[in-house]
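Accompanying notes for the structure given below.
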There are 2 protein chains.
Amino acid sequence: MTEPTDFMPTVQALVQCYQAFEAYSAADIRALGLTPPQFDIVATLGNTPGMTATELGDKTLITKGTLTGVVDRLADRGWAERVAHGSDRRCQIVRLTKSGEALFAKVFPAHMAHLAACFSGASAAEHTRWQAALRSLEQAFRKGGA
Amino acid sequence: MTEPTDFMPTVQALVQCYQAFEAYSAADIRALGLTPPQFDIVATLGNTPGMTATELGDKTLITKGTLTGVVDRLADRGWAERVAHGSDRRCQIVRLTKSGEALFAKVFPAHMAHLAACFSGASAAEHTRWQAALRSLEQAFRKGGA
DNA sequence: TGACAATGGTTCTAACACGAACTAAATTTG
DNA sequence: CAAATTTAGTTCGTGTTAGAACCATTGTCA
């Protein structure tokens, strides 16, 4: 219980920074014809042989309940498919179809380029500073509850 | 088009930091019986005479279409109410009821204390560092599109 | 003043988010 | 081996989200 350092400006800065990123990124993704979670899944599955739904949920931080619906919609559009797991009949492997791989090859580089434009003026030192700050702040929230 | 400084670790650090905050914060808010947007609105309206829905949306970054529903649910539970604006019949003033003010007095300090716990070991210098990093990163996203 | 644009809110649709309940298929244990 | 527990996914209920269409009211301006 030290003196109450004024933490709200830090929290607000984090929220505003994230929302600026999210707005910038989501607008581009939607212009490419996907929703952000859909892009997230396509980007995760691209150039892989597929993975179980649980693994996919872990990597994308999408809850399993939500994942069912998102994969359903990707499957409806012919971009993803579910195939049986060889040894565990509880598992479903989710993977991109040919059409889904083609989509990935189109939208992933496009979105990366869109993001790269933000950082054209940033030095490696700046990235180091950003990452160090973000990781230490993240640590505060992770151990804060303990 | 300088060399492609590797920006993805920075973006990932931002997303992970924000999600750590969001998870930490939202769990507490839900335990207090509110959803995050509901808390946001109660916190914004607390200790004020109320404000128009547009103003409330601006402060909370909730779009007007969403705001209608969130305020509806707060009103259903007796925490908020809509009253007519004196001079502009298009406007509705949204404000907390007595019961809503009592809720605010209970949950707002509780949640602030919950957040403060994350920062018990943080110095003022650390906050300065975090805020500087977050604000410069935010700027990258804001002018990135231009 | 009378058309016309801008503003404030609500409604609608499609999609996502979370948690809880549920089914089926492993895995663990006694 | 059989019962109990865990794990994988789906389904369901409530709430949030963005954007577009819509209505009413105001403001502008020729």
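Just the heavy atoms: all of them, side chains too, but no hydrogens, waters or symmetry mates, feed the values below. All figures in this text were calculated on a predicted structure; none of them were measured in a lab.
- Heavy-atom minimum distance, A:P36 versus A:A26: CG-CB, 3.9 Å.
- Classification of the B:F39-B:H111 ring pair by plane angle, with boundaries at 30° and 60°, yields perpendicular.
- An OP1 or OP2 oxygen of D:dT16 is reached within less than 4.0 angstrom by no side-chain nitrogen or oxygen of B:R30.
- In this structure, the CZ atom of B:R82 is 9 Å from the C1' atom of C:dT10, given to the nearest Å.
- Contact annotation: A:R77 does not reach the phosphate of C:dA14 (side-chain N/O to OP1 or OP2, under 4.0 Å).
- The side chain of A:R90 lies closest to C:dA26 when the candidates are C:dT10, C:dA26, D:dG9.
- In terms of phosphate contacts, B:T35 brings no side-chain nitrogen or oxygen within less than 4.0 Å of OP1 or OP2 of D:dG15.
- Atom pair A:L67:CG and C:dA15:P shows a separation of 16 Å (rounding to whole Å applied).
- Proximity of A:T63 to the phosphate of C:dC18: a side-chain N or O atom is located under 4.0 Å from OP1 or OP2.
- Taking only distance into account, the side chain of B:R89 never meets the base of D:dT25 through a donor-acceptor pair shorter than 3.5 Å.
- Atoms CG (A:L74) and P (C:dA15) sit 11 Å apart, rounded to a whole Å.
- DNA chain D is contacted by both B:Q38 and B:G65; B:Q38 maps to the nucleotide lying nearer its 5′ end (nearest heavy atom per residue).
- Ring geometry for A:H127 against A:W130 counts as perpendicular: the plane angle is over 60°, on a 0 to 90° scale with 30° as the lower cut.
- Taking atom CZ of residue B:F39 and atom C1' of nucleotide D:dG15, one finds them 18 Å apart after rounding to whole Å.
- Using a 4.0 Å heavy-atom distance criterion, B:T54 is classed as a sugar-phosphate-only contact.
- Following rounding to the nearest Å, A:H85 (NE2) and D:dT7 (P) show an atom-to-atom distance of 16 Å.
- When rounded to the nearest whole Å, the span between CZ of A:R73 and P of C:dA15 equals 6 Å.
- Rounded to a whole Å, the CG atom of A:D58 is 12 Å from the C1' atom of D:dA8.
- With C:dT10, D:dT16, C:dA17 as the choices, the nucleotide that has an atom nearest any side-chain atom of A:I62 turns out to be C:dA17.
- Between D:dT16, C:dG8, C:dC16, one nucleotide has an atom nearer to the side chain of B:C91 than all others, and that is C:dG8.
- OP1 and OP2 of D:dT17 both lie 4.0 Å or more from every side-chain N or O belonging to B:T66.
- Distances were taken from every side-chain heavy atom of B:K64 (C-beta onward) to each of D:dT25, C:dA15, C:dT10; the shortest belongs to C:dT10.
- Residues A:L45 and A:V83 do not share a hydrophobic cluster, defined by chaining ILVMFWY side chains whose heavy atoms lie under 4.5 Å apart.
- In this structure, B:Y24 places its OH atom 18 Å from P of C:dC18, rounding to the nearest Å.
- No continuous path of ILVMFWY side-chain contacts below 4.5 Å connects A:L134 to A:L61, so the two sit in separate hydrophobic clusters.
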